Amino acid sequence: MTCPVFRFAPSPNGQLHLGHAYSALLNQEMAREAGGRFLVRMEDIDVTRCTPELERGVLRDLAWLGLGWEKPVRRQSEHFDDYRAALDRLIDADLVYPAFMTRGEVRARIAEHEAGGERWPRDPDGAPIYPGEDRHMSSRERQALIDEGAPYAWRLDMSSAIAHVGGTLCWDETGQGPEGETGQVQAKPENWGDVVIGRKEIPASYHLSVVVDDALQGVTDVVRGRDLFHSTAVHRVLQELLGLPVPHYHHHDLILDDDGRKLSKSRGDTSLAALRDSGATPDDIARMIGASSSAV
Ligand code: GLU
């Protein structure tokens with residue numbers, strides 16, 4: 001019987017809020033109940049938005065909450081070689097392609113399509129599916145654009161990836177999806193289209209680095225917010241393509257604000273640091289979390 005491994009994986013691109021406190025504390029509690037290990041991982045591949053100062057703030061908040069985790073903390077920005085190796089395997093298998101359309105070009109393409117009255121498909125996060133026309137570009141055309149210095153992202157050719165995997169993918173969910181999905185959940189990666197797997201300058205994306213790290217760190221139990229439930233379908237495809245083990249998943253409630261919206265760093269929702277500065281104690285935080293969530 002292997003020892004269960006749990007992890008809390010924040011992105012140090014802002015300050016932690018109550019939603020993060022809930023996720024981190026739930027992870028630690030589940031690890032304790034399972035007699036498992038608890039890791040913290042810094043998901044800082046976005047090196048422009050993630051800073052050492054924000055990382056220090058994240059660790060300070062977690063320690064203040066009373067959390068203890070194994071050292072050293074894995075910092076994704078120190079492991080680009082691992083993601084590069086995984087990306088190279090997908091490139092060699094011809095399952096990713098350099099996608100050159102800029103955001104503006106994608107918008108224009110979709111507007112043109114929707115002007116005809118038909119709605120362009122959206123992914124589970126509500127973003128338009130990538131048009132994917134450059135999937136069929138010749139290698140000479142691609143090389144010419146790369147030589148010109150055109151920006152591009154490596155995108156997974158989702159239809160080919162699904163065909164390559166060749167069967168239905170499932171995962172074991174002990175929490176719940178947005179529609180109450182639980183137990184053996186069938187992945188629907190086709191709903192995502194050609195997701196970004198890496199960028200020209202950075203050989204990683206959230207989807208790629210999260211599956212590589214969960215495997216490298218031996219994570220057996222992924223406990224995270226329900227907003228990432230649908231992303232698990234992409235993670236299952238990548239695990240299958242890269243021959244990685246499949247953890248158990250537990251997607252938990254999100255902490256909502258008074259208007260019923262999920263908390264966000266970008267909207268500047270009340271941070272743990274601000275609550276602490278105004279005199280709140282870790283017990284107050286635990287009470288606030290308990291009050292606004294029906295903990296799954
Ligand atoms: N880094 C992600 C976030 O801060 C979480 C990733 C995960 O738990 O899989 O939202």
Side-chain angles (χ1 to χ4, degrees), residues 4-31 38-51 54-55 57-59 61-62 65 67 69 73-79 83 86 124-125 127 171-178 185 187 189 192 195-197 202 204-239 244-256 261-267 269 271-272 296:
V5 181
F6 291 72
R7 89 309 192 262
F8 174 61
S11 297
N13 56 11
Q15 293 185 317
L16 299 188
H17 52 57
L18 287 176
H20 299 106
Y22 177 52
S23 196
L25 288 165
L26 182 62
N27 259 288
Q28 173 160 279
E29 191 182 309
M30 290 179 69
F38 175 58
L39 315 176
V40 169
R41 179 168 78 222
M42 287 296 155
E43 301 217 320
D44 61 349
I45 55 171
D46 183 349
V47 290
T48 52
R49 293 174 60 217
C50 297
T51 66
L54 287 168
E55 181 187 306
V58 166
L59 294 175
D61 290 348
L62 296 178
L65 286 172
L67 288 150
W69 56 90
V73 163
R74 183 174 169 96
R75 200 176 280 130
Q76 292 189 325
S77 59
E78 292 171 353
H79 297 280
Y83 316 131
D125 283 347
W171 77 85
D172 176 27
E173 174 68 48
T174 59
Q176 264 184 28
V185 173
W192 284 98
V195 291
V196 172
I197 292 297
I202 297 183
S205 70
Y206 159 63
H207 295 307
L208 186 66
S209 54
V210 86
V211 296
V212 168
D213 279 357
D214 284 340
L216 282 174
Q217 295 190 287
V219 171
T220 58
D221 291 83
V222 172
V223 177
R224 61 186 178 194
R226 190 160 298 137
D227 50 339
L228 292 170
F229 176 84
H230 289 299
S231 295
T232 313
V234 177
H235 302 168
R236 286 293 298 108
V237 171
L238 291 174
Q239 286 156 352
L244 305 177
V246 187
H248 302 289
Y249 287 90
H250 182 104
H251 292 91
H252 60 67
D253 276 356
L254 298 175
I255 304 283
L256 304 178
R261 293 180 305 182
K262 81 171 176 129
L263 300 182
S264 93
K265 289 176 193 154
S266 51
R267 258 204 335 271
D269 277 314
S271 66
L272 294 178
V296 197

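On a predicted model such as this, the values are computed, not experimentally measured, just so you know. Ligands are counted one by one from 1 in listed order, and the atoms in each one are counted from 1 as well.
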Which heavy atom of the protein is the closest neighbour of atom 6 (C) of ligand 1, given with residue, atom name and distance?
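Answer, as residue, atom name and distance: E43 OE1, 3.3 Å.
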Please list, in number order, the atoms of ligand 1 under 4.0 Å from a heavy atom of [X].
X: V210; value: 9 (O)
X: S11; value: 1 (N), 4 (O)
X: R224; value: 7 (C), 8 (O), 9 (O)
X: L228; value: 5 (C), 6 (C), 7 (C)

Heavy-atom donor-acceptor pair, D44 side chain to Q76 backbone, under 3.5 Å:
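Side chain of D44 to backbone of Q76: a pair is present.
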Check whether any side-chain heavy atom of [X] lies under 4.5 Å from a side-chain heavy atom of [Y], and answer yes or no.
X: H207; Y: S231; result: yes
X: Y249; Y: V185; result: no
X: H251; Y: R224; result: yes
X: F6; Y: E29; result: no

Considering residues at least two apart in sequence or located in another chain, which fulfil the side-chain hydrogen bond (donor to acceptor under 3.5 Å, both in side chains) criterion with D214?
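D214 satisfies side-chain hydrogen bond (donor to acceptor under 3.5 Å, both in side chains) with R7, R41 once adjacent residues are dropped.
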Report yes if some N/O of A9 lies less than 3.5 Å from some N/O of ligand 1; otherwise report no.
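Right, the criterion is met.
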Just how far is it from atom CG of L16 to atom OG of S11, taken to the nearest 0.5 Å?
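Between atom CG of L16 and atom OG of S11 there are 10.0 Å.
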Report the part of V222 in contact with ligand 1, treating N, CA, C, O as backbone and CB onward as side chain, heavy atoms under 4.0 Å; options are side chain, backbone, both, neither.
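Looking at V222 and ligand 1, no heavy atom falls under 4.0 Å.
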So for R7, does at least one of its heavy atoms come nearer than 4.0 angstrom to any atom of ligand 1?
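Per 4.0 Å heavy-atom rule, R7 contacts ligand 1.
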Within-shell test, F8 vs ligand 1, heavy atom, strictly < 4.0 Å:
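Checking ligand 1 against F8, which is what was asked, there is no heavy-atom contact under 4.0 Å.
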